[in-house]
Chemist: 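Below is a structure I'd like to ask you about.
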Amino acid sequence: MKLVICGKGGSGKSTIAALLAKATVKTGNSVLVIDTDESNFGLHRQLGVELPQDFMNYLGGKDVALEKIMAAAPDYESVSFFDKEWQIADIPSKYYSEKNGIKLIAIGKIHEVGEGCACTMGMVAKEFIGNLNLNSNEVVLVDTEAGIEHFGRAVEKGVDAIIMVIDPSYESMKLSEKVLELSSSIEKPVYYVLNKVDATNEQFMMESISNQDMIIAAIPANTALSVAGLKGNEIMADDSGIENMNQFLMENLRK
Ligand SMILES: Nc1ncnc2c1ncn2[C@@H]1O[C@H](COP(=O)(O)OP(=O)(O)OP(=O)(O)O)[C@@H](O)[C@H]1O
Ligand SMILES: [Mg+2]
């Protein structure tokens, strides 16, 4: 099962990815978290691991990947970075961090001023995710950068479903309509996770979303989570909303 997690900036994508990873290993699965957000410096802390070496280096670095893309212009679809299908076990150990059944890889961090746009890493991430062959007990969670640019790079094409995190804001609610439209256009199911809710805004959000079956969890605003987010501490999946969400995904998307 491969899932991509998307949403507005600060809605809680990385937090939900980390919580879901932890809930998923509790049920006896192993998880690969793929960090495709070039400006994400909190996810590895939430998972309690070091930031791994950039997976771009496996390909010789961002420059080498970019040269490959430019050489193929204008037939960008023909570009291929990998010569075989991958399994999680094939990822060299220097490119992942691991703790308690969760592996984390990072594709395409910005390291220096003027490195250029994130298109290269989007193309690498898309092919890597699409090429990944999973065993039945393996789950891939892709944490994305804010907004919907990754849809433009078709990172979503290789996944089984899209999880959108919606925080209590007008922007998030509007973005949820756009994400549904984009996901439908590539025939991928989308599920909503309401995050940072309280009793008042949860009810309003529920009523505003026309297809309520798409809502698979409502995670309360939680002081422990926000303090951990502030301090860069590891977080734990002890929230029943996440356990239920994990159960739903396992039952409905398992192949
Ligand atoms: N349910 C919650 N209750 C309280 N705080 C939360 C909750 N979910 C996330 N947060 C906090 O909100 C902040 C943003 O969360 P997070 O970094 O996961 O968002 P994001 O969508 O990944 O952000 P970005 O767009 O920067 O990648 C963090 O400080 C996090 O601790
Ligand atoms: Mg994030």
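Ligands are counted one by one from 1 in listed order, and the atoms in each one are counted from 1 as well.
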Chemist: If we check side chain to side chain donor-acceptor pair (under 3.5 Å) with Glu234, which of these qualifies: Lys99, Gln46, Arg45?
Modeler: Lys99
Chemist: If you measure every N/O of Lys196 against every N/O of ligand 1, is any gap under 3.5 Å?
Modeler: yes
Chemist: Would Leu225 count as being in polar contact with ligand 1, using the rule that some N or O on each side must be under 3.5 angstrom apart?
Modeler: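 The answer is yes, given that Leu225 and ligand 1 share an N or O pair closer than 3.5 Å.
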Chemist: For a side chain to side chain contact (heavy atoms under 4.5 Å, CB included) check, start with the C-alpha distance between Ile5 and Thr144, then their side-chain angles and the critical distance, and finish with the verdict.
Modeler: CA-CA 6 Å; Ile5 297 163; Thr144 59; 5.7 Å; no
Chemist: Give the atoms of ligand 1, by number and element, whose distance to some non-hydrogen atom of Gly10 is under 4.0 Å.
Modeler: 14 (C), 19 (O), 20 (P), 21 (O), 23 (O), 24 (P), 25 (O)
Chemist: Is the closest N or O pair between Gly12 and ligand 1 shorter than 3.5 Å?
Modeler: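 Yes: some nitrogen or oxygen of Gly12 is under 3.5 Å from one in ligand 1.
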Chemist: Could a heavy atom of Ser11 be found less than 4.0 Å from some atom of ligand 1?
Modeler: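 Contact present.
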Chemist: So, for Gly130 and Lys2, which heavy atoms are closest and what is the spacing to 0.1 Å?
Modeler: O-NZ, 3.8 Å
Chemist: Assert yes or no for the condition that the ring centre distance of Tyr58 to Trp86 is strictly below 6.0 Å.
Modeler: yes
Chemist: Can you tell if the side chain of Glu98 reaches within under 4.5 Å of the side chain of Val49, non-hydrogen atoms only?
Modeler: no
Chemist: Check ligand 1 against Asp37 and write out every atom of the ligand that is under 4.0 Å from a heavy-atom position of the residue.
Modeler: 27 (O)
Chemist: Ser226 heavy atoms, cut-off 4.0 Å: which ligand 1 atoms fall inside?
Modeler: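 Within the 4.0 Å cut-off of Ser226, ligand 1 contributes 4 (C), 5 (N), 31 (O).
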Chemist: Ligand 1 and Leu230, any nitrogen or oxygen pair closer than 3.5 angstrom?
Modeler: no
Chemist: Would you mind listing which atoms of ligand 1 come within a distance below 4.0 Å of any non-hydrogen atom of Thr15?
Modeler: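 Those atoms are 8 (N), 9 (C), 15 (O), 16 (P), 18 (O), 30 (C).
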Chemist: Taking 2.8 Å as the cut-off, does an N/O/S atom of Thr15 lie below it from the Mg ion (ligand 2)?
Modeler: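 So Thr15 does not count as coordinating the Mg ion (ligand 2).
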Chemist: Can you tell me if Gly7 has a non-hydrogen atom under 4.0 Å from ligand 1?
Modeler: no
Chemist: Compute the minimum heavy-atom distance from Lys8 to ligand 1 and say whether it is under 4.0 Å.
Modeler: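 For ligand 1, residue contact (heavy atoms, under 4.0 Å) with Lys8 is present.
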Chemist: Taking only non-hydrogen atoms of Ala228, do any sit less than 4.0 angstrom from ligand 1?
Modeler: no
Chemist: Report, in ascending order of atom number, the atoms of ligand 1 lying under 4.0 Å from any heavy atom of Gly229.
Modeler: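 Reading through ligand 1 atom by atom, the close ones are 29 (O), 31 (O).
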Chemist: Which of the numbered atoms in ligand 1 are below 4.0 angstrom from a heavy atom of Ala221?
Modeler: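 Listed by number with element: 3 (N).
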Chemist: Could you go step by step and tell me if Gln87 and Asn133 meet the side chain to side chain donor-acceptor pair (under 3.5 Å) rule?
Modeler: CA-CA 5 Å; Gln87 300 211 312; Asn133 262 333; over 6 Å; no
Chemist: Is Asn195 close to ligand 1, meaning an N/O of one under 3.5 Å from an N/O of the other?
Modeler: yes
